[in-house]
Protein chains: 2
Amino acid sequence: MVHSDDFLLEDISEEEFIDLAELFKIFGDSTRIKILFLLFKGEANVSAICDELSMNQSAVSHQLKILRTSKLVKARRAGKAMYYSLADDHVKSILSMGKEHIEED
Amino acid sequence: MVHSDDFLLEDISEEEFIDLAELFKIFGDSTRIKILFLLFKGEANVSAICDELSMNQSAVSHQLKILRTSKLVKARRAGKAMYYSLADDHVKSILSMGKEHIEED
DNA sequence: ATAACATATGATAATATATTCATATGTTAA
DNA sequence: TTAACATATGAATATATTATCATATGTTAT
């Protein structure tokens with residue numbers, strides 16, 4: 001680790017701070033975390049997610065919308081069903097990093 | 001990446017999900033994010049942090065307390081001043097990871 | 001002991017957030 | 001085209017969160 005991992009406050013704009021906070025905020029809810037971990041296994045449709053989380057469909061859809069809007073998950077339609085999956089590998093990295101942290105207490 | 005980065009929902013307890021969400025929630029506020037990035041440079045006392053963020057002392061102290069309670073920062077007293085610093089390298093990893101993510105859009 | 005300074009904290013008000021309920025939209029099969 | 005199913009969405013309520021203000025606590029110098 002030379003210098004690339006060091007940050008000066010001035011290097012980051014007000015907007016970037018807000019974006020970054022907003023990104024983490026998405027991860028800051030256990031329902032969304034559960035959905036994301038579930039999608040580690042691969043794509044899943046809404047009913048499957050509801051079943052796994054034992055939550056009602058509306059609550060899950062609302063959270064899926066938030067995850068989708070923030071581009072952490074993507075969706076494809078197959079017939080009546082909507083299949084959700086993780087948008088990219090950063091999501092995995094961030095989750096793994098967080099998991100490591102809480103496990104080392 | 002073989003299997004160690006894969007998660008099954010059952011591997012993680014309800015409590016762990018909540019802990020994980022709680023961890024990310026801490027990062028989900030731009031004031032706290034700014035403080036954490038500031039502390040990348042090294043320790044800083046409360047007045048210095050207030051100056052850098054142009055925020056009043058009470059707001060900063062409240063956020064420092066949250067950061068401290070969640071063990072993301074630690075504090076040492078030197079005379080009248082309290083010096084805060086990052087608690088460990090996970091904080092850096094998580095921030096870096098998030099920063100990477102938002103930069104690649 | 002007291003004044004001056006640095007930080008912490010409790011209460012409050014404003015704002016944001018998550019879930020629920022009711023209902024709308026979209027899709028398929030009959 | 002209508003019924004049945006899957007998902008999305010708007011409104012409302014309950015709860016959580018943040019910044020501010022006022023004040024308390026802790027530290028040092030006089």
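Just so it is clear: chains get the letters A, B, ... in the order the sequence lines come, proteins before strands, and each one is counted from 1.
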- Message: Counting the atoms with a prime plus P, OP1 and OP2 as sugar-phosphate, which does S47(A) contact under 4.0 Å by heavy atoms, base, sugar-phosphate, or nothing?
- Response: sugar-phosphate
- Atom-to-atom span, NZ of K65(A) to C1' of dT19(C) - whole angstrom: 16 Å
- Query: Does a side-chain N or O from Y84(B) land closer than 4.0 Å to OP1 or OP2 of dA6(C), or not?
  - Reply: no
- Query: Residues in side-chain contact (heavy atoms from CB on, under 4.5 Å) with S70(A), at least two apart?
  - Reply: I26(A), L72(A)
- Message: Going by the rule ring-ring contact (aromatic ring centres under 6.0 Å, His included), which residues pair with F24(A) if we only count those two or more places apart in sequence or in a different chain?
- Response: F27(B)
- Send over the distance from Y83(A) OH to dT27(C) P, rounded to a whole Å. 15 Å
- Message: Test: salt bridge (charged side-chain N to carboxylate O under 4.0 Å, His left out). Region: residues 74-84 of chain B. Which pairs qualify, not counting sequence neighbours?
- Response: E43(B)-R76(B)
- Note on the structure: Across all chains, not counting sequence neighbours, the salt bridge (charged side-chain N to carboxylate O under 4.0 Å, His left out) partners of E14(A) are K34(B)
- Please state how far atom CD in Q57(B) lies from atom C1' in dG10(C), giving the value in whole angstrom units. 14 Å
- Message: Walk along nucleotides 13-20 of chain D from 5' to 3' and tag each nucleotide B, S or - by protein heavy-atom contact under 4.0 Å, base first, then sugar-phosphate.
- Response: ----SSSB
- Message: Can you list everything that forms a side-chain contact (heavy atoms from CB on, under 4.5 Å) with A87(B)? Sequence neighbours excluded, please.
- Response: none
- How would you list all residue pairs meeting side-chain hydrogen bond (donor to acceptor under 3.5 Å, both in side chains) that involve residues 56-66 of chain B, not counting sequence neighbours? Q57(B)-S61(B)
- Message: Taking I33(A) as the starting point, is it possible to reach I18(B) by hopping between hydrophobic residues whose side chains are less than 4.5 Å apart?
- Response: no
- Whole Å only: how far is the CG atom of D51(B) from the P atom of dT7(C)? 10 Å
- Task: Please list, chain by chain and in numerical order, all residues satisfying side-chain contact (heavy atoms from CB on, under 4.5 Å) with D88(A), sequence neighbours excluded.
- Result: H90(A), V91(A), H101(B)
- Query: Which nucleotides of nucleotides 24-30 of chain D have their base under 4.0 Å from a protein heavy atom (B), which only their sugar-phosphate (S), and which neither (-), written as one string 5' to 3'?
  - Reply: ---BS--
- Note on the structure: From CG of L53(A) across to P of dT7(D) the rounded distance in Å is 13 Å
